[in-house]
**Q** 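Sharing a structure, written as structure tokens. Questions coming.
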Amino acid sequence: MNIGAIIVATVVVAAVGLFIGIFLGVAGKKFAVETDEREIAVREALPGNNCGGCGYPGCDGLAAAIAKGEAPVNGCPVGGDPVGKIIAGIMGQEAVETVRRTAFVKCTGTCDKTTENYVYTGTGDCQMLAFVPGGGAKACAYGCLGYGSCVKACAFDAIHIIDGIAAVDREACKACGKCVDACPRHLIELIPYTQNVMVGCSSHDKGKAVTSACETGCIGCKKCEKACPNGAIRVDDFCAHIDYDKCTGCGACREACPRNVIL
């Protein structure tokens, strides 16, 4: 065994290690990215669900955007008003009241109210039904398919399939919008939490086709539109729509509806 060779090898390895350590230390300081302390504080205030409901890639993305002034301090739908006030304090801004929202499924076609063209026994996924003849067993081509793509998308266990259609637990819903994106028929929308008048239908078929497919579908008769004293509801393409900014919740449209489709 050559002792001299071993000593040389040890010295070389130590020197290389020392050089790499010094190089990394200098490089770390030279290329260090400064992080805004406010961004760190905002990130700690966010709930950490990383649901994407704010429109950014998780809580880290929203925190960075808020720190840069690119996103509002109340941009987190999950944290709501309490978190918005904390972040406003961190950013040195006046607290902005957050309007709480919840998801709403625009369909009331439960199993006992809808007509089925056939019995479907395939994959239980709404997205897959796009490849099934007729888009599913239900005669209504606009109604809830009832196979739970929205349920799988919800991280808060706030939506479930009940009697063939999706139903939202308003208290559990955080308005993240995941269910909205998951629904292939675009039946789910985010509405004000305090809204107490909604149209439970999305069908654009004419009256005869609607009545043969569902007991509670909108037939576009416009009686609700005529009854509303605030011009908050209109019938467009055979289906009623509510302008939530104008609606006062008086219920006149609901009383006028012959199909009981306004909830």
Side-chain angles (χ1 to χ4, degrees), residues 28-106 149-160 166-183 186-200 230-233 241-251 263:
K29 291 183 179 180
K30 184 175 181 60
F31 299 105
V33 177
E34 293 186 7
T35 303
D36 191 332
E37 291 183 0
R38 296 180 302 173
E39 180 182 334
I40 298 174
V42 170
R43 178 62 185 87
E44 291 177 350
L46 293 172
N49 295 94
N50 292 310
C51 63
C54 57
Y56 291 89
C59 295
D60 288 343
L62 177 60
I66 292 176
K68 294 176 183 176
E70 298 173 355
V73 293
N74 61 346
C76 176
V78 177
D81 218 29
V83 171
K85 290 179 179 179
I86 294 173
I87 295 176
I90 294 171
M91 296 299 295
Q93 299 179 16
E94 185 176 347
V96 179
E97 184 177 356
T98 302
V99 177
R100 183 179 177 183
R101 297 193 297 170
T102 185
F104 171 65
V105 182
K106 298 179 288 183
S149 289
C150 54
V151 176
K152 298 171 187 175
C154 181
F156 305 98
D157 193 33
I159 188 166
H160 304 90
V168 177
D169 180 343
R170 292 166 63 93
E171 298 305 319
C173 179
K174 303 299 182 182
C176 69
K178 289 291 186 180
C179 58
V180 176
D181 296 334
C183 180
H186 310 293
L187 289 175
I188 307 176
E189 65 178 350
L190 297 180
I191 67 174
Y193 176 80
T194 56
Q195 182 66 29
N196 63 350
V197 179
M198 298 84 71
V199 178
N230 304 301
I233 189 167
H241 302 275
I242 293 177
D243 183 336
Y244 299 118
D245 291 330
K246 295 180 179 179
C247 180
T248 61
C250 68
L263 310 178

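Reckoned from all heavy atoms, side chains included, excluding hydrogens, waters and symmetry mates.
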**Q** Between Asp169 (side chain only) and Glu171 (backbone N and O only), is there a donor and an acceptor less than 3.5 Å apart?
**A**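 At least one qualifying donor-acceptor pair exists.
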**Q** Looking at Arg43 and Asp60, is there a salt bridge between them, counting it only when a charged N and a carboxylate O are closer than 4.0 Å?
**A**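 Salt bridge present between Asp60 and Arg43.
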**Q** In Å and rounded to the nearest 0.5 Å, what is the SG to CG distance from Cys179 to Leu190?
**A**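 Reported to 0.5 Å precision, the distance equals 6.5 Å.
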**Q** If you compare all heavy atoms of Ala45 against all heavy atoms of Ile90, which two are closest, and at what distance to 0.1 Å?
**A**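 Here Ala45 and Ile90 meet closest at CB-CD1, 4.2 Å.
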**Q** So which heavy atom on Gly75 is nearest to which on Cys54, and how close?
**A**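 In this case the closest contact between Gly75 and Cys54 is O-CB, 3.3 Å.
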**Q** Dump the intermediate steps for side-chain contact (heavy atoms from CB on, under 4.5 Å) on Leu62 and Cys76, then the final yes or no.
**A** CA-CA 8 Å; Leu62 177 60; Cys76 176; 3.9 Å; yes
**Q** Measuring from Lys106:NZ to His186:NE2, what's the distance to the nearest 0.5 Å?
**A**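 Answer rounded to 0.5 Å: 10.0 Å.
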**Q** Spell out, as yes or no, whether a donor-acceptor pair under 3.5 Å connects the side chain of Asn50 to the backbone of Cys59.
**A**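 Looks like yes, one N/O pair under 3.5 Å.
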**Q** Rounded to the nearest 0.5 Å, what's the gap from NZ on Lys85 to CG on Asn74? Could you check?
**A**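 So the gap between those two atoms works out to 11.5 Å.
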**Q** Check for a donor-acceptor pair, side chain of Lys178 on one end and backbone N or O of Cys51 on the other, with a separation under 3.5 Å.
**A**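 The answer is yes, because a donor-acceptor pair under 3.5 Å joins these two groups.
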**Q** Distance from Asn230 atom CG to Ile242 atom CD1, nearest 0.5 Å?
**A**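 Between atom CG of Asn230 and atom CD1 of Ile242 there are 11.5 Å.
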**Q** Does Lys152, at its NZ atom, have more than 12 non-hydrogen atoms belonging to other residues, nucleotides or ligands within less than 6.0 Å?
**A**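 Buried by this count: over 12 neighbours within 6.0 Å.
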**Q** For Tyr193, does the six-membered ring have the charged nitrogen or CZ of Arg100 within the cation-pi criterion, i.e. under 6.0 angstrom from the centroid and within 45° of the normal?
**A**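 Yes; both conditions hold, so Arg100 lies above the ring face of Tyr193.
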**Q** Has the side chain of Asp81 got a donor or acceptor atom that lies under 3.5 Å from a matching backbone atom of Thr98?
**A**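 Yes, the answer is positive, given that a donor and an acceptor are paired below the 3.5 Å cut-off.
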**Q** Taking all heavy atoms of Val151 and all of His160, pick out the closest pair and write down the distance.
**A**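 Smallest heavy-atom distance, with atoms named: CG2-CA, 3.8 Å.
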**Q** Please report the C-alpha distance between Met91 and Ile66 in whole Å, then the side-chain angles of each, then the deciding distance to 0.1 Å, and finally whether the side-chain contact (heavy atoms from CB on, under 4.5 Å) criterion is met.
**A** CA-CA 8 Å; Met91 296 299 295; Ile66 292 176; 3.9 Å; yes
**Q** Go through the steps to decide whether Cys173 and Ile159 satisfy the test side-chain contact (heavy atoms from CB on, under 4.5 Å), and finish with yes or no.
**A** CA-CA 8 Å; Cys173 179; Ile159 188 166; over 6 Å; no
**Q** Could you give me the CA-CA distance, side-chain angles and deciding distance for Met198 and Ile191, then say whether side-chain contact (heavy atoms from CB on, under 4.5 Å) is met?
**A** CA-CA 9 Å; Met198 298 84 71; Ile191 67 174; 3.7 Å; yes
**Q** At what distance, to the nearest 0.5 angstrom, does CG of Asp181 lie from OG of Ser149?
**A**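 Taking CG in Asp181 and OG in Ser149, the distance rounds to 12.0 Å.
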**Q** Can you give me the closest heavy-atom contact between Cys247 and Val197, atom names plus distance?
**A**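 Smallest interatomic distance, heavy atoms only, reads SG-CB, 4.3 Å.
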**Q** Taking the side chain as everything from C-beta on, heavy atoms only, tell me whether Ile86 gets closer than 4.5 Å to Val42.
**A**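 Side chain of Ile86 against side chain of Val42, heavy atoms only: no contact under 4.5 Å found.
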**Q** Looking only at atom types and distance, does a side-chain atom of Asp243 sit under 3.5 Å from a main-chain N or O of Asp245, one as donor and one as acceptor?
**A**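 Side chain of Asp243 to backbone of Asp245: a pair is present.
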**Q** Side chains of Glu189 and Tyr244: any donor to acceptor distance under 3.5 Å?
**A**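 Checked: Tyr244/Glu189 side chains pair up, N/O donor to acceptor below 3.5 Å.
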**Q** Would you name the heavy atoms of Arg38 and Ala67 that are closest together and state the gap between them?
**A**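 Taking Arg38 first and Ala67 second, the nearest heavy atoms are NH2-O, 3.2 Å.
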**Q** For a quick test of reading the model, state the closest non-hydrogen atom pair linking Ala172 to Phe156 and the distance between them.
**A**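 For Ala172 and Phe156, the tightest heavy-atom pair comes out as O-CB, 3.9 Å.
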